Amino acid sequence: MADEIVDAKGIFVIPDILANAGGVTVSYFEWVQDRQDISGGKEKSRALKEVIENSFEEVVRYAETHGVTTESPHICLRLTA
């Protein structure tokens with residue numbers, strides 16, 4: 001019900017999986033860098049920005065194409081990947 005109310009008011013909602021993805025993605029980058037004994041703060045930031053922006057754009061594009069809210073595309077996209 002809350003989703004319908006927010007949608008009816010035209011409020012843009014960032015899916016929780018994207019809102020929380022930054023920390024998980026950085027943890028993964030740090031794990032890879034530790035395993036490969038490399039550093040790269042700027043590279044990590046650039047890579048994170050690219051991953052998050054691409055994911056966000058993919059979710060928004062899916063939502064607009066299929067006429068759904070931004071809350072569900074991440075599930076549909078992963079099922080079709």
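A quick note: this is a predicted structure, and the numbers were derived from the prediction, not measured.
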If two hydrophobic side chains count as joined below 4.5 Å and joins carry through other members, does V68 share a cluster with I11? no
Decide whether F12 and V59 are clustered together by the hydrophobic rule: side chain heavy atoms of Ile, Leu, Val, Met, Phe, Trp, Tyr closer than 4.5 Å, transitively. yes
Check the hydrophobic clustering (I, L, V, M, F, W, Y; side-chain heavy atoms under 4.5 Å; chains of links allowed) and say if Y28 and V51 are grouped together. yes
